[in-house]
Structure formats: structure tokens, C-alpha cells
Amino acid sequence: MQKRHTELTSLDVAVAAVTYDAVRQNREFSTENELGYPLLSDEGGTTVSRLGIRNEQYEEGSFAYGVANPGIMVIDADGKIVLKRAEEKYSERPSFDELVTAVKDAVSDEESGETEE
């Protein structure tokens, strides 16, 4: 995502990533990799669960409990989710080109008053 960050921000989209890792671990990763976007922590997976994107194969108590299915969301200025894609299998993700196209479509639909539910 780092390599495509500028492409997304050119669509007037703010970019952030969310992991279930600790804040300190995310800070170190972000610094080491010179990320140009925030890396947010959702320890315990509360937000991921509420958004319905938690990987269900890991049960509570597992080291990976709270990990999200990889995906992307576009949330408008009013806090409404206008695009939500989460893939069940980590190894079967769509290409980044496909995701950028989906973001462009969501932004275009939002500007025209149409939204995807």
C-alpha cells in the first residue's frame, strides 16, 4: 500500500491501515518502513468485529484472534461506509489495481449521491 499511497490520496481519500498488533509494535513497524499513512492498533479486535471483517478461523484466546480479513474500506466525511471489501482468504486477494478502481468508483458514486451497500 505504501507504493500506491499517493494514488489513493490523489482521489482525495485519507489512507490508514488497521492491525491487531500493539501500538508500540505498529509505531516501530511504521518508523522502520517509513509509512506515509497512519497504522492504527485494534488490539483485541473490537473494531474489526464490529465492522464484520474479523477472520473467524481464529477463536478467542488464539494468538491471531482479532485479525481482520484483508480488505479495504472507504468511509465518507459523515462516517458512512460507502465501500467495504474483505477477503476471507489472505492468499486470494484482489490486485491493488482492482482495489484502486473500486475506491475510484466508490468516490465517484459518493460524489454523485449513489452509494454501495
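Source: prediction; values computed, not measured. Numbering of residues begins at 1 and proceeds along the displayed sequence.
- Val18 and Ile75 are not part of a single hydrophobic cluster, where members link through side-chain heavy atoms under 4.5 Å apart.
- Of all non-hydrogen atoms in Arg54 and Ser49, the two that sit nearest each other are NE-OG, 3.0 Å.
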In sequence, state the C-alpha distance, the side-chain angles, and the governing distance for Val107 and Asp12, and then conclude on side-chain contact (heavy atoms from CB on, under 4.5 Å).
-> CA-CA 9 Å; Val107 169; Asp12 203 22; over 6 Å; no
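- To the nearest 0.5 Å, atoms OH (Tyr20) and OH (Tyr65) are separated by 13.0 Å.
- Val13 places a side-chain heavy atom less than 4.5 Å from the side chain of Val103.
- Both Val15 and Leu11 belong to a common hydrophobic cluster when Ile, Leu, Val, Met, Phe, Trp and Tyr are linked at side-chain heavy-atom distances under 4.5 angstrom.
- The closest side-chain heavy-atom distance from Leu99 to Arg85 is below 4.5 Å.
- Counting heavy atoms from C-beta on, the side chains of Met73 and Val82 never come closer than 4.5 Å.
- By the 4.5 Å heavy-atom criterion applied to side chains, Ile72 and Phe96 are not counted as neighbours.
- The heavy-atom pair separating Asp21 from Glu43 by the smallest distance is O-CG, 3.7 Å.
- Considering only heavy atoms from C-beta on, Leu39 comes within 4.5 Å of Phe29 through its side chain.
- Between the NZ atom of Lys104 and the CG atom of Leu83 there is a distance of 14.0 Å, given to the nearest 0.5 Å.
- Listed here is the closest heavy atom pair of Lys84 and Leu51: NZ-O, 2.6 Å.
- Asn55 contributes a side-chain N or O that, together with a main-chain N or O of Gln57, makes up a donor-acceptor pair within less than 3.5 Å.
- Asp42 places a side-chain N or O within donor-acceptor distance of the main-chain N or O of Val48, the cut-off being under 3.5 Å.
- Applying the side-chain hydrogen bond (donor to acceptor under 3.5 Å, both in side chains) test to residues at least two apart or on different chains, the pairs with a partner in residues 27-38 are Arg24-Glu28.
- The distance from the CG atom of Asn26 to the CG atom of Leu40 is 8.0 Å, given to the nearest 0.5 Å.
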